[in-house]
Q: 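Take a look at the following structure, please.
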Amino acid sequence: MKNSSNETFHLPKLERQPFEPRALKSIVLSSITILSAVFACVPLFSVLIMLIYRGGKRLSFELFYALPPTAFETGGGFGNAILGTLFMVGLAALISVPFGILAAIYLAELGKYNKVAQIARFCAKTMTGLPSILAGVFAYAAVVLIMRNYSAWAGGIALSLLMIPVVMLTAEEAIKMVPQAMKDAAFGMGCTQTQSLVKVILPVAMPGLITGVVLAVARAAGETAPLLFTALFSDYWLRVNEPTASLAVLIYNYSGMPFENQIELAWAASLILVLMVFILNIISRAIGGKKRI
Amino acid sequence: MLMEAQSQQQATKTHQYDAADVVLDCQAKQIFYSDFLAVRDSHVPIVKNKITGFIGPSGCGKSTVLKSINRMNDLIRGFRFEGNVHFHGMDIYDKKVDPVSVRRNIGMVFQQPNPFSMSIYENVAFGLRLNRYKGDMDEKVEKALRGAALWDEVKNKLKNNGLSLSGGQQQRLCIARAIATEPQVLLMDEPCSALDPIATRQIEELMVQLKERFTVAIVTHNMQQAQRVADQTAFFAVDISRGGRTGYLVEMAPTAELFSNPQEELTKEYLHGEFS
């Protein structure tokens with residue numbers, strides 16, 4: 001292909017050279033990344049398949065309205081544990097959502113450059129790494145010992161300790177994500193700090209705020225350790241001043257029992273707990289998907 | 001050398017204006033961001049129902065001065081304004097003055113179009129709702145959108161999100177939002193710098209219409225734009241003689257006069273493109 005009159009001119013090679021070392025290296029490296037990504041999904045799906053296989057056969061309406069069976073009894077369910085989990089997680093959300101979001105507003109807007117905000121942010125970050133059992137021990141000392149009883153209140157408070165930092169830090173990020181230009185527009189129109197937050201910043205940040213709350217709720221719903229010290233367990237329906245059943249503790253208790261019926265219930269409870277978290281995540285994604293900034 | 005010579009002269013030359021025509025009188029003696037002296041000795045009178053253009057090279061403080069006029073800079077950490085801005089016999093930097101009320105009376109249009117993430121209608125109604133306007137909202141919204149030359153393009157989709165519009169339309173929406181509350185002064189900080197030439201032309205034509213009802217001050221880095229729209233032009237430059245980069249007003253005069261017969265050597269050089 002050389003032009004005889006111009007010996008120094010070479011046509012560049014543009015065709016693919018799949019067997020050059022450069023190309024081979026690239027193929028190997030991208031395969032490794034793809035494999036790693038696929039591998040990350042394996043635990044989730046194996047857990048799901050296992051739960052559906054072991055717990056699916058026990059799924060029935062009875063689970064939702066019946067009380068746990070005694071030893072050697074057949075049938076039964078864990079309606080009280082579902083109710084207990086809902087109550088305690090709900091209570092924890094009622095405490096942690098307003099608290100966390102108000103703190104996040106301070107961190108992201110009012111006290112942006114403030115020492116107090118920096119310290120609070122550091123504390124929250126440390127708290128996210130707090131072993132959940134410590135939240136239980138703390139609530140045991142702070143609530144159970146004072147009320148002189150295990151209770152749903154104590155369980156809810158222990159869970160809220162785990163939720164607050166998650167809500168706070170995700171909400172701070174969500175508020176920071178609101179474009180500065182939009183915040184400027186709000187102030188430029190003559191908004192007070194409160195008006196700019198209520199009318200402009202929080203509505204735009206809302207999908208992010210909801211995502212953070214759902215993440216925190218999902219985490220709290222699955223926690224066992226904090227409830228072992230605070231809500232304990234109960235075979236009866238919810239009474240808030242007394243020991244309260246929860247799905248997580250039910251799984252913990254029943255999975256170690258030597259009775260076939262209880263073990264099956266533990267599997268079914270695991271499946272329902274995972275489904276609850278799964279549905280919450282889908283809801284948050286649906287809301288988050290509407291995001292537009 | 002020349003810059004140093006300039007900085008020796010302490011008084012800048014501002015054209016004499018009839019006090020009755022000046023709706024807002026900005027005398028910025030010194031403007032700081034923390035320790036950094038951003039602007040010094042700049043006296044800019046804003047004349048009623050005219051367009052005042054602020055021109056000058058990057059970093060000359062023209063935006064800083066503009067944003068000081070409605071106290072937007074208060075939101076910036078370390079900002080300090082020395083001097084005064086007279087508006088209806090009040091100094092808006094007086095301790096008794098609430099910056100929020102100042103911003104409700106002196107509207108602002110920003111460099112980047114920044115509509116709120118809400119419907120076109122709600123964007124325009126925003127300021128009216130802030131002021132608890134009780135009258136016919138539809139009429140006010142339509143008037144503002146017509147005033148911003150946007151009505152015909154959006155009248156059938158008022159419920160759509162303001163962010164769904166094109167850049168030029170978004171900027172006109174921001175203008176509609178700003179004029180809906182009928183502020184006396186409208187500040188515009190390089191309102192066309194993010195727009196294409198056609199949208200720029202539309203905004204410029206709009207500005208000329210707006211000055212019948214409002215007083216406009218506009219920052220632009222485009223000298224032709226200043227020539228096309230501004231009645232008065234203020235030229236700012238950067239003084240690097242004292243180590244920092246401090247902006248100051250070099251000269252202010254009616255636009256035709258400033259461009260045809262600048263009094264200052266620095267203005268002449270800038271207009272002839274000898275530095276930027």
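Computed from a predicted structure; not experimentally measured. Just so it is clear: chains get the letters A, B, ... in the order the sequence lines come, proteins before strands, and each one is counted from 1.
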Q: Which region of Arg71(B), side chain (C-beta onward) or backbone (N, CA, C, O), has a non-hydrogen atom less than 4.5 Å from a non-hydrogen atom of chain A, or is it both or neither?
A: neither

Q: Is the count of non-hydrogen atoms from other residues, nucleotides or ligands lying under 6.0 Å from Lys48(B) atom NZ greater than 12?
A: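 Counting neighbours around NZ of Lys48(B), 12 or fewer heavy atoms of other residues, nucleotides or ligands fall under 6.0 Å, so no.
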
Q: Could you report the tightest heavy-atom contact between Ser117(B) and Val204(A), atom names first, then the distance?
A: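 Closest heavy-atom pair between Ser117(B) and Val204(A): CB-CG2, 3.9 Å.
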
Q: What is the distance from atom CG of Asn70(B) to atom CE of Met189(A), rounded to the nearest 0.5 Å?
A: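 So the gap between those two atoms works out to 11.5 Å.
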
Q: Donor-acceptor pairs under 3.5 angstrom involving side-chain atoms of residues 82-91 of chain B: please list them, not counting sequence neighbours.
A:
| unit_1 | atom_1 | unit_2 | atom_2 | d |
| --- | --- | --- | --- | --- |
| Glu82(B) | OE2 | Arg80(B) | NH2 | 3.4 |
| His88(B) | NE2 | Gln184(B) | OE1 | 2.4 |
| Asp91(B) | OD1 | Val85(B) | N | 3.0 |
| Asp91(B) | OD1 | Tyr93(B) | N | 3.0 |

Q: Got Cys191(A) and Phe126(B) here, is their nearest side-chain heavy-atom distance under 4.5 Å?
A: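 With C-beta onward as the side chain, the pair touches.
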
Q: Quick one: NZ on Lys183(A) to CG on Asn114(B), what's the gap to the nearest 0.5 Å?
A: 13.0 Å

Q: Can you tell me if Ile198(B) has over 12 outside heavy atoms packed within less than 6.0 Å of its CD1?
A: no

Q: Quick check on Tyr133(B): does its OH atom have over 12 non-hydrogen neighbours (other residues, nucleotides or ligands) under 6.0 Å away?
A: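 Buried by this count: over 12 neighbours within 6.0 Å.
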
Q: Relative to chain A, which of Gln112(B), Met108(B), Arg177(B), Gln111(B) shows the most heavy atom pairs under 4.5 Å?
A: Arg177(B)

Q: Please look at Pro113(B) and chain A and tell me whether the side chain, the backbone, both or neither of the residue comes under 4.5 angstrom of a heavy atom of that chain.
A: neither

Q: Tell me, out of Arg77(B), Met72(B), Lys67(B), who's got the most heavy-atom pairs with chain A below 4.5 Å.
A: Arg77(B)

Q: Within a reach of under 6.0 Å around CZ of Phe99(A), are more than 12 heavy atoms found that belong to other residues, nucleotides or ligands?
A: no

Q: Quick check on Asp35(B): does its CG atom have over 12 non-hydrogen neighbours (other residues, nucleotides or ligands) under 6.0 Å away?
A: no

Q: Grab the two heavy atoms, one from Met182(A) and one from Phe116(B), that are nearest each other, plus how far apart they are.
A: O-CE2, 3.6 Å

Q: Do other residues, nucleotides or ligands put more than 12 heavy atoms under 6.0 Å from Lys125(A) NZ?
A: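 For Lys125(A), atom NZ is not crowded (no more than 12 foreign heavy atoms under 6.0 Å).
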
Q: Taking Ala186(A), Pro203(A), Ala185(A) one by one, which has the highest count of heavy-atom pairs under 4.5 Å against chain B?
A: Ala185(A)

Q: Going by the rule salt bridge (Lys or Arg N to Asp or Glu O under 4.0 Å), which residues pair with Arg104(B) if we only count those two or more places apart in sequence or in a different chain?
A: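 In terms of salt bridge (Lys or Arg N to Asp or Glu O under 4.0 Å), with neighbours along the sequence ignored, Arg104(B) is linked to no residue.
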
Q: Give, as side chain, backbone, both or neither, the part of Lys199(A) having an atom under 4.5 angstrom from any heavy atom of chain B.
A: both

